[in-house]
Amino acid sequence: MIVATLYVGVPAWADDDEDSDEDEGTPEVTETTEVEADRTPDPAAEALASPYSVVTVEVDESVAPSASVADVLEDVAGLHVRRFGGPGDPAYVTVRGSTARQVEVVVDGVSLNPHGGSSVDLSTLPLSSFDTVQIHRGFVAGGSAIGGRVELTSRPGTAAPPRFEAGFGSWTTRRAAGGIGVGGDLGGGALGDLRLDVAYAGTGGNFRYFDDGATETVRDDDQVLERRNNHHDRVDLSGRGRLVSGPIRLTLTERFGHADGGVPGLHTDVTTASRLTTWSNLLDGAIDLRAHPRLALRAGLSWRFDEATFVDPANELGLASPDQRTTLHQPLGSFRARWQAADWIALQGDASTAVDLFQSRQLESSAQDDPLRVRLATSLTATGDLRLLDERISVVASGGVHLLDNRLLGPVPLSDLALAGDGSEFAAEPTGGVAVAVRPLPWLTVRASAAHAYRPPYFKELFGDRGGVVGNPELRPETANTFDASVRVAGRPHRCFAGALEAGYYRSDAMDRIVFVPNGLGISRPTNFDGSTVHGFEAAGSFEAFHLITGALAVTYADSTITDGSAAHVGNELPYTPTWEIDASLGVAIRSWVRVQWRLNYTDATYDSRLNLFEQAPRAIHSLYARGQPEPGWPWLAVELNNLGDSISFERPRDPLHPDDLVVIPVEDFRGNPVAGRSVMVTLGWSAER
């Protein structure tokens with residue numbers, strides 16, 4: 001069960017008062033010369049005592065085989081996932097009313113969008129190759145993201161048994177995944193381990209959807225159609241290796257991804273030939289050195305490559321000069337020093353520098369390539385971590401500065417002026433925050449945090465893509481002040497029952513938010529609007545009864561308001577920020593033999609623009625997951641039923657003053673991209689017993 005791991009995690013209920021700390025020393029060698037994984041902290045104990053607003057989800061058999069990173073995040077209070085259709089289609093996460101670009105996504109310690117450089121498509125991250133998903137809402141030490149951070153972590157050093165699984169389902173949806181991890185003594189006192197994972201996912205994508213003919217008030221043209229040009233195929237490979245010798249640990253990670261598929265367009269504008277092909281590669285190396293029993297050093301170097309080719313030979317999407325290829329190279333170097341000055345205080349310094357090299361090429365033979373865009377981004381932060389009174393009081397304070405060198409960004413399209421006239425060649429922005437947790441009782445924690453964060457505009461926002469987006473080189477960076485506070489309780493009042501609950505308040509005041517404003521032709525131009533506020537409350541609870549029944553509930557209320565800007569917008573709700581979100585689950589698990597789980601994801605109606613003219617339909621998606629395995633080490637079978645109610649349309653009054661006069665509108669995850677209807681997925685898998 002996903003939601004049940006929120007805050008304290010059902011698998012690790014305990015009523016003792018000891019928090020385990022990560023052992024950063026050298027792994028021990030057992031008598032059988034296997035490499036043991038580093039002793040990791042107990043997620044339940046960490047979440048209960050943490051001063052951050054943090055959620056940890058373990059990726060195990062309680063997560064449905066076909067679940068994506070988006071599915072995991074969708075069950076977390078305060079997070080809203082925006083999808084662009086059915087399986088394999090793009091999906092983006094927002095936190096407490098933020099934009100997707102304001103959420104940092106980190107893979108094994110490497111940021112995929114440092115300084116908010118882009119929004120990360122969650123559909124490109126195969127969940128099966130990760131072990132843990134950690135979500136920070138708001139402040140996290142060393143970060144500058146306005147919304148928060150999502151960290152996906154695998155465990156190098158885990159001697160994982162071989163595993164394989166394959167599934168097939170509705171709309172010719174298919175998937176396969178496998179992996180293995182090995183480790184041992186390399187001689188001379190050195191230890192090594194290696195983990196390999198491979199994943200494939202594909203779909204025909206031809207699901208049923210409701211089409212109102214773009215005439216909401218006319219019912220004669222309503223019909224149920226089949227999604228076209230929505231096929232996808234994706235392959236992901238990852239390898240992670242580690243070498244340990246004395247106080248030195250070397251880690252090397254390689255991640256490769258390739259995807260190809262159609263671009264279906266809006267439900268009212270069907271396409272037949274539009275296509276997007278992407279290639280990605282992330283190579284990351286790190287060295288950890290225990291220079292002193294109280295001093296740990298880490299240096300890392302990564303190189304990220306992304307290429308996307310979009311073609312629309314029939315110009316079905318109506319974009320100017322649509323056929324193009326964009327490439328991004330991003331070398332990133334980082335250094336960290338952590339000094340445990342005393343048992344109760346640790347000091348840490350972080351420095352990182354990323355170089356973004358971006359270029360867009362038009363595929364027409366007569367078109368001229370855009371100039372190479374180069375930007376240098378450096379981050380310097382210092383953090384203090386205090387644990388007082390036997391860790392009953394925790395304080396984390398972080399401050400830093402983020403530097404941007406824009407001198408090589410190049411000229412503005414259709415202009416001879418460089419991006420320098422307003423003094424934006426070089427920018428420095430201070431950021432920081434503080435988080436405090438007080439734990440007066442082993443089962444009770446009171447916490448709060450406050451921070452200042454920012455995000456500068458990126459290439460597409462500044463220069464456009466000569467297609468659907470017109471650039472705006474005069475954009476100002478986004479900034480925000482955030483605050484949140486909550487109370488956590490957890491415990492096992494009886495040997496047959498355990499429970500946990502967290503409830504709290506949050507607020508985010510954003511300035512100069514960057515919004516893409518479309519015109520009548522569908523061409524967007526990013527612009528700043530001055531102020532917005534999102535505040536509300538979050539509550540999440542989970543329970544376990546008789547080591548058999550588990551349940552969870554997460555509720556988010558958001559009151560969003562545009563506070564400054566155009567008179568036509570002030571006082572309106574922020575687009576794509578639902579007032580209510582409710583996620584619930586209930587499951588029964590009898591060891592590994594059988595597991596049955598029901599889930600509900602409800603999202604309130606929201607608007608697609610600052611004008612608040614077109615309200616989207618609310619979504620209530622029910623799902624059912626069942627998994628059976630005769631004995632550990634035997635093959636297992638899983639069946640997933642998604643959108644049980646086949647919710648693809650919604651009735652509402654044509655006029656609020658006449659509630660009996662109803663119209664039918666489509667249920668959409670993102671305006672123009674319909675929600676997939678009822679589906680089934682069957683997966684057969686096997687994993688060797690440890």
Side-chain angles (χ1 to χ4, degrees), residues 7-8 16-26 38-54 56 106 109 134 136-145 148-149 151 153 247-249 286-300 334-352 379-402 430-453 482-488:
Y7 303 110
V8 293
D16 59 64
D17 190 30
E18 295 183 1
D19 294 341
S20 58
D21 296 323
E22 183 173 4
D23 181 4
E24 297 182 354
T26 304
D38 284 352
R39 187 163 54 87
T40 56
D42 177 359
E46 272 209 333
L48 180 62
S50 173
Y52 301 126
S53 180
V54 60
T56 300
V106 178
Q134 192 170 76
H136 287 86
R137 293 161 302 185
F139 170 65
V140 56
S144 63
R149 176 188 294 174
E151 297 184 18
T153 306
I248 299 177
R249 178 170 60 194
I287 178 171
D288 292 89
L289 172 64
R290 178 67 70 175
H292 182 273
R294 290 184 175 271
L295 178 62
L297 305 176
R298 179 181 178 88
S334 63
F335 178 78
R336 170 179 295 171
R338 184 177 179 86
W339 171 253
Q340 191 72 42
D343 292 340
W344 56 274
I345 182 171
L347 303 175
Q348 180 172 302
D350 290 89
S352 67
S379 173
L380 304 171
T381 60
T383 303
D385 188 345
L386 285 75
R387 308 284 172 162
L388 307 173
L389 300 179
D390 196 22
E391 299 195 3
R392 297 193 181 279
I393 299 178
S394 302
V395 181
V396 177
S398 177
V401 61
H402 298 269
T431 61
V434 60
V436 180
V438 179
R439 195 178 183 186
L441 298 169
W443 49 269
L444 173 65
T445 302
V446 180
R447 55 153 302 278
S449 69
H452 173 73
T482 64
F483 170 80
D484 66 272
S486 64
V487 177
R488 301 169 178 155

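Residues passing the ring pair (Phe, Tyr, Trp, His ring centres under 6.0 Å) test with His402, sequence neighbours excluded: His115, Tyr454. For the salt bridge (charged side-chain N to carboxylate O under 4.0 Å, His left out) test, residues two or more places apart in sequence or in another chain that qualify with Asp350 are Arg336.
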When you look at Arg290 and Asp288, which way does the salt bridge (charged side-chain N to carboxylate O under 4.0 Å, His left out) test go after all the steps? CA-CA 7 Å; Arg290 178 67 70 175; Asp288 292 89; over 6 Å; no
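Put simply, the side chain of Pro51 does not reach to within 4.5 Å of the side chain of Val436, judged on heavy atoms. Side-chain contact between Arg447 and Ser53 is present, with at least one heavy-atom pair separated by less than 4.5 Å.
In this structure a side-chain-to-backbone donor-acceptor pair under 3.5 Å is missing from Arg149 to His136.
For Val140 against Tyr52, the heavy-atom pair with the smallest separation is CA-CE2, 3.9 Å. The two residues Ala145 and Ala453 come nearest to each other via the heavy atoms O-CB, 3.6 Å. The shortest heavy-atom contact between Gln134 and Thr56 is NE2-OG1, 3.1 Å. Between Gly432 and Phe139, the shortest heavy-atom distance links the atoms C-CE1, 4.4 Å. Considering all non-hydrogen atoms of both residues, Ala448 and Phe483 come closest at CB-CE1, 4.4 Å.
Going from atom CD1 of Ile248 over to atom CG of Leu297 covers 11.0 Å, rounded to the nearest 0.5 Å. Atom CG of residue Leu388 and atom CH2 of residue Trp344 lie 7.0 Å apart, to the nearest 0.5 angstrom. Once rounded to the nearest 0.5 Å, the distance linking OG1 of Thr383 with CZ of Arg338 reads 8.5 Å.
The pair Arg387-Asp343 does not meet the salt-bridge criterion, since no charged nitrogen lies less than 4.0 angstrom from a carboxylate oxygen.
Between Arg488 and Thr445, the side chains place no donor N or O within less than 3.5 Å of an acceptor N or O (distance only, hydrogens not considered).
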